[in-house]
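In what follows, a structure is listed as structure tokens, so that the remarks can point back to it.
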Amino acid sequence: MSIHAPPAAGTAPVTLPRLRDMAARGEKIAMLTAYDATFAQVLDAAGVDVLLVGDSLGNVIQGQPSTLPVALEHMAYHTACVARGLAQAGGRAFLVADMPFGSYEAGPQLAFESAVTLMRAGAQMVKLEGGGPIVDCVRFLVDRGIPVCAHLGLTPQRVHALGGFRVQGRDDAAAAVLKADAAALAAAGAALLVLELVPAPLAREITQAHPGLATIGIGAGAGTSGQVLVLQDMLGLTHRPSGKVPRFVRDFTRVPASAADAPGLTVRQAVQAYVAAVKDGSFPDDAIHAF
Ligand code: KIV
């Protein structure tokens, strides 16, 4: 039994052509992570356009220090949970699943087999991290009818190679590599591109350079086609060992954000506030992204 009413009649499902159209018209795309059926229904009912079964589940569900221990079976299990929740709710949102560390880097054939597992679990698109070395995988999947979301900037599966969770593309040389990677991924057929922790002007430039590619920012300023946050972060539930939450995160259970002692919102209200803020451009605030 569904715990939430299905979306109102006439609320058409979000499809890939519709996401492209939203990006072309400048309607911001609201994306959040989801890992289970109940939250999938809450997020869908609150108007989130895209649900991402992120491998951040390694951190927020499994309690791991990074996303590296997440296996393909874990991703398939949580993707199926979210897909069932969406189906029960008469789901409107588009469902993207992360390809975990080790499930694609060895080449297109491995990437295809892993992507098939996630699509069979209910994903409508898969997400891969990285640029140049995975462009062939992206083209191989797209040519075989599997929609792809790419992910550049801070790519958490490469946290050790990058030397930590830090802003990417700060100097001219690094920015040039990011721009070249975005162009190669767009040419290979990626339809969405997550840009994580990159300077706002660079994210805006990449977005403007590729009208056919919908960019989704996280810590990348307001100039992208849409935004994504980790659900637990935007509900103010994340407790990191360092005690620090990234400065691009906003706790949407507190509105206005500055009124720390104001009564909290329900989860559904907080998610609705997130969707509204993404759509009207009041989240994120470019000023805090002046890296
Ligand atoms: O795994 C994840 O949740 C992600 C988002 C933070 C973009 O990749």
Side-chain angles (χ1 to χ4, degrees), residues 19 28-36 39-40 43 48-72 74-79 81-82 93-105 114 118 123 125-131 134 138 148-159 162 165-168 178 182 185 190-198 203 206-207 213-221 224-235 237-238 240 245-250 252 271 274 278 283-284 289:
L19 289 171
K28 297 282 183 183
I29 297 167
M31 181 170 175
L32 278 179
T33 64
Y35 315 99
D36 66 38
F39 274 106
L43 270 51
V48 177
D49 300 306
V50 183
L51 303 191
L52 170 65
V53 185
D55 62 353
S56 51
L57 68 84
N59 306 103
V60 297
I61 304 292
Q62 299 176 337
Q64 304 280 5
S66 77
T67 58
L68 301 189
V70 177
L72 187 62
H74 304 151
M75 295 307 305
Y77 172 81
H78 286 279
T79 299
C81 294
V82 170
F94 191 73
L95 179 52
V96 182
D98 252 336
M99 304 262 279
F101 176 64
S103 72
Y104 56 96
E105 299 88 334
S114 302
L118 297 179
M125 170 180 266
V126 295
K127 178 163 85 59
L128 291 73
E129 295 184 5
I134 62 129
V138 171
V148 171
C149 175
H151 184 156
L152 291 175
L154 188 276
T155 44
Q157 292 173 13
R158 290 159 198 244
V159 60
L162 296 173
F165 295 93
R166 52 184 67 171
V167 179
Q168 303 296 310
L178 267 176
L185 290 162
L192 260 56
L193 171 64
V194 168
L195 290 171
E196 180 165 357
L197 268 191
V198 303
I206 290 172
T207 302
L213 183 65
T215 58
I216 310 289
I218 173 164
T224 50
S225 319
Q227 298 292 328
V228 62
L229 283 178
V230 170
L231 178 66
Q232 280 78 351
D233 283 347
M234 58 78 65
L235 293 177
L237 296 173
T238 311
R240 289 180 168 73
V245 174
R247 61 184 172 154
F248 60 78
V249 168
R250 186 185 297 173
F252 281 88
V271 176
Y274 168 78
V278 170
F283 177 80
H289 295 287

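Counting starts at 1 for both ligands and their atoms, in listed order. Here the structure is a predicted model, which is why all the values come from computation and not from measurement.
Of all non-hydrogen atoms in Ala182 and Leu213, the two that sit nearest each other are O-CD2, 4.3 Å.
With sequence neighbours excluded, no residue forms a salt bridge (charged side-chain N to carboxylate O under 4.0 Å, His left out) with Asp55. Every side chain to side chain contact (heavy atoms under 4.5 Å, CB included) that Phe101 has, sequence neighbours left out, goes to Leu68, Glu105, Gln157.
Between Leu152 and the choices Thr215, Val198, Ile206, Leu185, the side-chain contact (heavy atoms from CB on, under 4.5 Å) rule is met once, by Leu185.
The side chain to side chain donor-acceptor pair (under 3.5 Å) contacts involving residues 62-72 comprise Gln62-His74, where partners must be two or more places apart or lie in separate chains.
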What are the distances between nitrogen or oxygen atoms of ligand 1 and protein nitrogen or oxygen atoms, counting only those under 3.5 Å?
{"residue": "ligand 1", "atom": "1 (O)", "partner": "Asp55", "partner atom": "N", "Å": "3.2"}
{"residue": "ligand 1", "atom": "1 (O)", "partner": "Asp55", "partner atom": "OD1", "Å": "3.0"}
{"residue": "ligand 1", "atom": "1 (O)", "partner": "Ser56", "partner atom": "N", "Å": "3.0"}
{"residue": "ligand 1", "atom": "1 (O)", "partner": "Ser56", "partner atom": "OG", "Å": "3.3"}
{"residue": "ligand 1", "atom": "1 (O)", "partner": "Asp98", "partner atom": "OD2", "Å": "3.1"}
{"residue": "ligand 1", "atom": "3 (O)", "partner": "Ser56", "partner atom": "OG", "Å": "2.5"}
{"residue": "ligand 1", "atom": "8 (O)", "partner": "Lys127", "partner atom": "NZ", "Å": "2.9"}

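The environment of CZ in Phe165 is crowded: more than 12 heavy-atom neighbours from other residues, nucleotides or ligands sit within 6.0 Å.
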